[in-house]
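Values below: every heavy atom of this structure, side chains too, minus hydrogens, waters and symmetry copies.
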Amino acid sequence: MSYRIHRLANTLSQGAARRYKVEFDVSLMEWRMLALLGDFAPMTLKQLALESGLDKSLASRAISGLVERRLVLRTPGTNDAREVSLRLSASGRRVYEGLMRSARARDAAFNAALSPAEIAALDSLLEKLMRVARQQAQPEAWETGQDKARPARAAKVAPEVE
């Protein structure tokens, strides 16, 4: 099951990446940055990396490209002069709005393939699977054997003495 979900996620990402590149000349990583800044700006690079699930160096690279293209503005942070605050420029806001329209159109196409009952069931199933996935991602799940895909650590056995 996890393999099939992973394949679906990759296929969805590939389709989105192609569409956003053609329509808006942004990569999927840049899309994530623009989406987060569009919804939650101002943000720091550290916040963006954390919220997007990207390594800080990857987030930095994506932001640098967006700053260079004048879609994102960098300003000194309000709490710490070393901190940089990031937000969308006016042209970045226009790209963000276009990206959101495109994302909603993609979602509408996926939703059109399912009945209302199937959509409700899928939402419920995804929530359940997400809860289990989060539990299994915790190291304590491995040690207590809650993660059935990975056996609990074997207890150390004292060597036999003759």
Side-chain angles (χ1 to χ4, degrees), residues 1-73 85-142 144-152:
M1 179 191 316
S2 63
Y3 173 73
R4 291 175 66 204
I5 292 170
H6 182 73
R7 282 192 61 201
L8 173 61
N10 281 343
T11 304
L12 290 170
S13 291
Q14 288 169 358
R18 281 190 206 106
R19 182 171 183 163
Y20 300 149
K21 189 67 172 169
V22 168
E23 290 183 21
F24 303 99
D25 193 29
V26 297
S27 70
L28 211 47
M29 279 191 288
E30 290 171 332
W31 180 88
R32 288 181 191 169
M33 301 296 110
L34 291 169
L36 285 166
L37 289 172
D39 289 341
F40 304 110
M43 294 180 79
T44 65
L45 182 62
K46 184 177 180 179
Q47 290 170 324
L48 277 169
L50 181 67
E51 291 298 319
S52 67
L54 292 174
D55 180 78
K56 193 174 173 184
S57 64
L58 289 174
S60 177
R61 230 175 292 148
I63 287 296
S64 292
L66 294 169
V67 168
E68 193 173 296
R69 290 169 39 213
R70 296 190 172 119
L71 298 175
V72 171
L73 301 172
S85 180
L86 302 163
R87 65 182 172 82
L88 296 178
S89 66
S91 57
R93 174 66 54 188
R94 286 190 296 276
V95 170
Y96 162 78
E97 289 168 358
L99 285 166
M100 293 302 104
R101 278 192 302 276
S102 185
R104 284 190 296 275
R106 289 184 79 237
D107 282 350
F110 294 127
N111 284 330
L114 303 172
S115 71
E118 288 171 325
I119 293 169
L122 179 60
D123 286 343
S124 175
L125 294 169
L126 289 173
E127 281 298 317
K128 286 180 180 181
L129 291 173
M130 185 60 87
R131 276 195 302 275
V132 173
R134 283 187 184 123
Q135 282 178 331
Q136 290 185 0
Q138 301 301 314
E140 55 271 13
W142 306 336
T144 62
Q146 292 174 20
D147 175 7
K148 300 301 182 203
R150 179 177 173 168

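For residues 8-20, the pairs satisfying salt bridge (charged side-chain N to carboxylate O under 4.0 Å, His left out) are Arg19-Glu23, with sequence neighbours left out.
Of the possible donor and acceptor atoms, none in the side chain of Ser52 sits under 3.5 Å from a partner among the backbone N and O of Met29. No donor-acceptor pair closer than 3.5 Å links the side chain of Ser124 to the backbone N or O of Ala120. Within the 3.5 Å criterion, the main-chain N or O of Gly98 finds no donor-acceptor partner in the side chain of Ser102. A donor-acceptor pair under 3.5 Å is formed between the side chain of Ser13 and the backbone N or O of Ala9.
Summarising the geometry, atom CG belonging to Leu36 is positioned 10.0 Å from atom CD belonging to Gln47; distances are rounded to the nearest 0.5 Å. Taking CZ of Arg61 as the reference point, atom CG of Leu54 lies at 10.5 Å (rounded to 0.5 Å). To the nearest 0.5 Å, atoms CZ (Arg32) and CG (Leu99) are separated by 13.5 Å. Remark: Leu125 CG to Met130 CE distance equals 13.0 Å, nearest 0.5 Å. In this structure, CZ on Arg104 lies 13.5 Å from CG on Asn111, to the nearest 0.5 angstrom. One distance of note links CD of Glu51 with CE of Met43; it measures 5.0 Å at 0.5 Å rounding.
Shown here for Ala35 and Met100, the closest heavy-atom pair between the two residues is CB-CE, 3.9 Å. Across every non-hydrogen atom of Leu86 and Ala41, the tightest pair is O-CB, 3.9 Å. Considering all non-hydrogen atoms of both residues, Val26 and Leu34 come closest at CG1-CD1, 3.9 Å.
Looking only at side-chain heavy atoms (C-beta outward), Phe40 and Leu48 stay at 4.5 Å or farther from each other. You'll find the side chain of Leu129 reaches within 4.5 Å of the side chain of Met1, heavy atoms only. Counting heavy atoms from C-beta on, the side chains of Leu37 and Ile63 come closer than 4.5 Å. Between Met33 and Val72, every side-chain heavy-atom pair lies at or beyond the 4.5 Å cut-off.
Around CZ of Phe110, the count of heavy atoms belonging to other residues, nucleotides or ligands within 6.0 Å exceeds 12. For NZ of Lys21, the number of neighbouring non-hydrogen atoms (other residues, nucleotides, ligands) closer than 6.0 Å is greater than 12.
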For this session: Could you go through the side-chain contact (heavy atoms from CB on, under 4.5 Å) check for Leu71 and Tyr96 one step at a time?
Result: CA-CA 9 Å; Leu71 298 175; Tyr96 162 78; over 6 Å; no
Problem set entry | side-chain contact (heavy atoms from CB on, under 4.5 Å) between Arg69 and Asp25, worked out | CA-CA 11 Å; Arg69 290 169 39 213; Asp25 193 29; 4.2 Å; yes
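For Tyr20, the ring-ring contact (aromatic ring centres under 6.0 Å, His included) partners are Trp31, not counting sequence neighbours.
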